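Below is one structure, written out as structure tokens; the observations come after it.
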Amino acid sequence: MAVTINPRRTPLIAGNWKMNLDHLQAIAFVQKLAWNLKDAGHDFTAVEAAVFPPFTDLRSVQTLISADKLQLAYGAQDVSEHDSGAYTGEISGAFLSQLECRYVIIGHSERRTLHGESDAVVAAKVAAAIKHNLSPIICVGETAEDLETHGPSAVPVAQLRAALAGVSNAADIVVAYEPVWAIGSGQAATPEQAEQVAAALRAVLSETLGQDVAGKTRILYGGSVKGSNIAGFMREPNVDGALVGGASLDIAEFSSIVRYQKHVAL
Ligand code: 13P
């Protein structure tokens, strides 16, 4: 089904730090990033910028952002499906909410493969995030083998359907399409490939949550995004931003991705 493009979708550039930068490094990094963007006159209402530090950094990042009234958003890289209890090592959505996280990344391919997270666990985590007023960034993506066997969108579409199983209302969700073969490989998908899958994912949103929600939901591309290739993705009608790994750890590079509108005319 054709989905009307909603021009009000604010692009989101999200930096997933993975297991990098301790809390002291995080403070210095966030401060410099915010200054860099401010000095460049970045309009945060036109393109939202968010950082996703490790759990142990979040309190420091919250304190800095709130004290200095920085316009950066932030979130966590994972959340427990449970609220509280005997779950050693887990972090509740309630705790993240208390730290004023706006977002939480869920179902990243590294969680799926290294920590055995199933589609059912991802769905439970999405429900937990929504329950605690966090906006889930639901990650989906196919491996190189999946791509060869099933074609470009079958696996991401099935993963998104499963992740949305417990979502019934117009919750504020974000979807991130991250082909596993493009993550950390230096070999990004082409903008056309990203658009093809993003359009298929928007059709799933439309079927499951309705056309209005589908039109408002941001779909990000992730996998070897850099300052030099971001503009191509952002030209695509169904790509509303990026989930950036390695390049989000370099202030100048991340800042250039956030400011894609300025360095290349769209
Ligand atoms: P890279 O940008 O390093 O390829 O990582 C992408 C990613 O996994 C973001 O979540």
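This structure is a prediction, so every number in the text was calculated from the model and none was measured. We count ligands from 1, going down the list as the structure has it; atoms in each ligand are counted the same way.
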Below 4.0 Å from ligand 1: does a non-hydrogen atom of [X] turn up there or not?
X	result
G222	no
K18	yes
A247	no

| Does I183 reach ligand 1 with a nitrogen or oxygen that is under 3.5 Å from one of the ligand's nitrogen or oxygen atoms? |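 No, I183 has no N/O under 3.5 Å of an N/O on ligand 1.
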| said: With respect to S185, determine whether any N or O atom, backbone or side chain, lies less than 3.5 Å from an N or O atom of ligand 1. | reply: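 By distance alone, the answer is no.
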| Parallel, tilted or perpendicular: which fits the ring planes of F52 and Y103, with parallel below 30° and perpendicular above 60°? |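 Judged by the thresholds at 30° and 60°, the geometry between F52 and Y103 is tilted.
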Find all atoms of ligand 1 within a distance of less than 4.0 Å from any non-hydrogen atom belonging to [X], and give their numbers and elements.
X	result
L243	9 (C), 10 (O)
A182	4 (O)
G246	1 (P), 2 (O), 3 (O)
E178	6 (C), 7 (C), 8 (O), 9 (C), 10 (O)

| message | Nearest 0.5 angstrom please: H82 NE2 to E90 CD, how far? | response |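 With rounding to 0.5 Å, NE2 (H82) is 6.5 Å from CD (E90).
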| request: Compare every heavy atom of G107 with every heavy atom of R112, then report the nearest pair and how far apart it is. | output: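 That closest heavy-atom pairing would be NE-O, 2.8 Å.
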| For L99 and Y74, which heavy atoms make the closest approach, and how far apart are they? |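 Looks like O-OH, 2.6 Å.
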| request: Decide whether D146 and T143 meet the rule of one side-chain donor and one side-chain acceptor closer than 3.5 Å. | output: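 Present: a donor and an acceptor within the cut-off.
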| Between H108 and Q77: side-chain donor-acceptor atoms closer than 3.5 Å |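 Their side chains do not contain a donor-acceptor pair, so the 3.5 Å distance test is not met.
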| message | Check D172 with R102, please: is the shortest side-chain N to carboxylate O separation under 4.0 Å? | response |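 D172 and R102: not salt-bridged.
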| field | Protein contact to atom 2 (O) of ligand 1 [nearest heavy atom, distance to 0.1 Å] | value |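 Result for atom 2 (O) of ligand 1: G245 N, 2.8 Å.
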